[in-house]
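A short write-up of the structure that comes next.
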There are 2 protein chains.
Amino acid sequence: MDAPPIAAVGKLIGDPTRALMLAALMDGRARTATELAVEAGVGRATASSHLARLTERGLLCVASQGRHRYFRLASDEVASMLESLMVFGAATPVAARVRRTTPEREARTCYDHLAGRLGVGLLDGLQRKGCLVLSTSGVTLSTAGRDLLCHHGIEVDTLARRRRPLARLCLDWSERRNHLAGGLGAALLDLLLTRGWVRGRDCTRAVTVTRAGRRALNVEFGVDV
Amino acid sequence: MDAPPIAAVGKLIGDPTRALMLAALMDGRARTATELAVEAGVGRATASSHLARLTERGLLCVASQGRHRYFRLASDEVASMLESLMVFGAATPVAARVRRTTPEREARTCYDHLAGRLGVGLLDGLQRKGCLVLSTSGVTLSTAGRDLLCHHGIEVDTLARRRRPLARLCLDWSERRNHLAGGLGAALLDLLLTRGWVRGRDCTRAVTVTRAGRRALNVEFGVDV
DNA sequence: TCCATGATTCGATCCTCGTCGAAGTATTTT
DNA sequence: AAAATACTTCGACGAGGATCGAATCATGGA
């Protein structure tokens, strides 16, 4: 009658303070222990103990820089798992049906890549253009896709050599469809931001598509925003 | 500073008793409140309150039959979400690396379909044979696939008319790759069991492939067990 | 070397929530 | 009708754990 493994993870995520920390880190950026303490509205001592437990369980990883300790999500698999929780997080099924379309549903970041309608659309568009081929073990980049992305300055070959998978799928809580994660997903968000095609809002994970972005995304990646 | 939605779901799964109930229901079968109380090692009153909360949140659904109330997972999306939690459930990353291959990793059921190496292999095989085509919104069945499954007595057209999606992907905690869920996944497990190609062990979710099954799976579905 | 700042550890406190027994409701059986 | 079974609601109890302040450790700058 011993508690199954999911209980431990659930308990970890179930605490409001830890959940706030995880939610804050969903944008993929690293934060110091004090920053997270403030964001969760809790004392430094409390935050420290929470962060230690999250790290120990493999949900977070930590990098010491000087006297600061920067915490971030351990991988985009963690982000993916958290997103899958949000499917049930919102409310009762009844309330979920009458839910409004929020900006977050339109376009947002998930860890370090795009999600929401835009994220799903991007994966769709790239697939229709024959740039991405979905297979069982995930998504793979076609030669055409490689050329397109290289043309936009993304160093695909460098990314491919990393330990991190080049392309992964992540189930979207708002669309209930997949969007593109992995190194490629991160590189694409990077590209869209530097080109000024999408603009991030500082406090939330929501992003907006610029007028130029709308056109460019359609022409380049076949996205119908 | 209000608690994010994931906290509520986490807290729900985080309780050992509720986790035991969910784990028990992962095989997809429905159980009465009393059965679940026994399986979780807890009184009837306690079980009842837990089941009410799980149902309210949309993780379980309930069907009243006479004086019995049968609880089961609300959908295979719940099973999919629980599997994604197990990726982090096992232990610390260090311990996870030296982990043995258990029977559960070889082949098991997840809700009402196959998972583990066999589940992943089945999806692989069907894809290689051109029976399934992976697309962004999920998997779709090709004409060739429809013919093959009908030939084995699966009433594909009937399944397609149901509200439940015909084919869905579910991330495997042991293989970290997708396996086949949805109505088709359920029908295939059914087929394999009635043909005697795999045999379920009663108490656990593990299944074993029979000698005849090994050959048949290879010939019919291109599975390399 | 000394102080300022970031982070962790420890001990004490407080509160949430899981637990059970008893009573109440619903449904089947006799 | 009455008894039996399945389940839920209610009230009270108790343990686990989240929280904080104070003390300690670690790093950087003067």
Side-chain angles (χ1 to χ4, degrees), chain A residues 1-25 29-57 59-72 74 89 92, chain B residues 1-25 29-57 59-72 92:
Chain A
M1 222 65 75
D2 47 326
I6 43 169
V9 197
K11 192 165 284 183
L12 223 45
I13 303 171
D15 177 73
T17 304
R18 285 193 289 264
L20 277 167
M21 290 171 162
L22 289 170
L25 291 168
R29 281 185 301 213
R31 273 157 241 256
T32 66
T34 315
E35 283 172 334
L36 286 166
V38 173
E39 257 179 296
V42 87
R44 281 187 272 271
T46 309
S48 187
S49 103
H50 285 311
L51 292 168
R53 292 181 60 184
L54 288 169
T55 307
E56 190 184 12
R57 265 285 162 179
L59 296 196
L60 300 185
C61 64
V62 56
S64 295
Q65 280 182 25
R67 52 185 164 184
H68 298 275
R69 300 194 74 195
Y70 285 93
F71 292 87
R72 57 186 174 78
T92 62
Chain B
M1 222 65 77
D2 45 326
I6 43 170
V9 196
K11 192 166 285 184
L12 223 47
I13 304 171
D15 177 74
T17 304
R18 285 192 290 264
L20 277 167
M21 290 172 163
L22 290 170
L25 292 168
R29 282 185 302 213
R31 271 159 244 256
T32 67
T34 314
E35 282 173 334
L36 286 166
V38 173
E39 258 180 296
V42 87
R44 287 187 205 104
T46 308
S48 187
S49 104
H50 286 311
L51 292 169
R53 293 180 60 184
L54 288 169
T55 307
E56 190 184 13
R57 265 286 161 178
L59 296 197
L60 300 185
C61 63
V62 57
S64 294
Q65 281 183 23
R67 53 186 164 185
H68 297 276
R69 300 193 74 197
Y70 284 93
F71 293 88
R72 56 185 172 79
T92 61

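In what follows, every heavy atom counts, from backbone to side chain, and hydrogens, waters and symmetry copies are set aside. All chains are named by letter (A, B, ...) in the order of the sequence lines, taking the proteins before the strands, and each is independently numbered beginning at 1. All values reported here derive from a predicted model rather than from experimental measurement.
Protein atom NZ of B:Lys11 is 10 Å distant from nucleotide atom C1' of D:dA18, rounded to whole Å. In this structure, CD of B:Glu56 is placed 13 Å from P of D:dT8, rounded to the nearest angstrom. Atom CZ of A:Arg44 and atom C1' of C:dT8 are 12 Å apart (whole Å). Rounded to a whole Å, the CG atom of B:Leu36 is 14 Å from the P atom of C:dT19. Look at CE on A:Met21: it is 12 Å from C1' on D:dT19, rounded to the nearest Å. Rounded to an integer number of Å, the gap from CZ of A:Arg67 to C1' of D:dT24 is 17 Å. Per the geometry, CD belonging to B:Gln65 stands 16 Å off C1' belonging to C:dA26, to the nearest Å. Note: CZ (A:Arg53) to P (D:dG16) measures 14 Å, nearest angstrom.
Counting all heavy atoms, side chain and backbone alike, B:Leu12 lies closest to B:Arg18 at O-NE, 2.6 Å. For A:Ala37 against A:Arg44, the heavy-atom pair with the smallest separation is CB-CA, 4.3 Å.
Between A:Glu39 and A:Leu20 the shortest side-chain heavy-atom distance does not fall below 4.5 Å. Between B:Phe71 and B:Arg69 the shortest side-chain heavy-atom distance falls below 4.5 Å.
Contact check, B:Ser49 against C:dT19: no side-chain N or O comes under 4.0 Å of OP1 or OP2.
Closest to the B:Phe71 side chain, of the nucleotides D:dT8, C:dT19, D:dC20, is D:dT8. Of the candidate nucleotides C:dT8, C:dC20, D:dT19, C:dT8 has the atom lying nearest to any side-chain atom of A:Arg69. Side-chain proximity of B:Arg18 to the nucleotides D:dA18, D:dA22, C:dG18 is greatest for C:dG18. For A:Ala33, whose side chain is taken as the heavy atoms from C-beta onward, the closest listed nucleotide among C:dT8, D:dT9, D:dA18 is C:dT8. Checking C:dT5, D:dT19, C:dA22 against the side-chain heavy atoms of A:Asp15 singles out D:dT19 as nearest. Of all nucleotides listed (D:dT19, C:dT29, C:dG18), C:dG18 comes nearest to the side chain of B:His50.
Distance OG1/A:Thr55 to CZ/A:Arg72: 11.0 Å, rounded to 0.5 Å.
The residue among A:Gly66 and B:Thr32 whose nearest nucleotide of DNA chain D lies closer to the 5′ end is B:Thr32. Toward the 5′ end of DNA chain C lies the nearest nucleotide of A:Thr46, the other residue of the pair B:Ala45 and A:Thr46 mapping further downstream.
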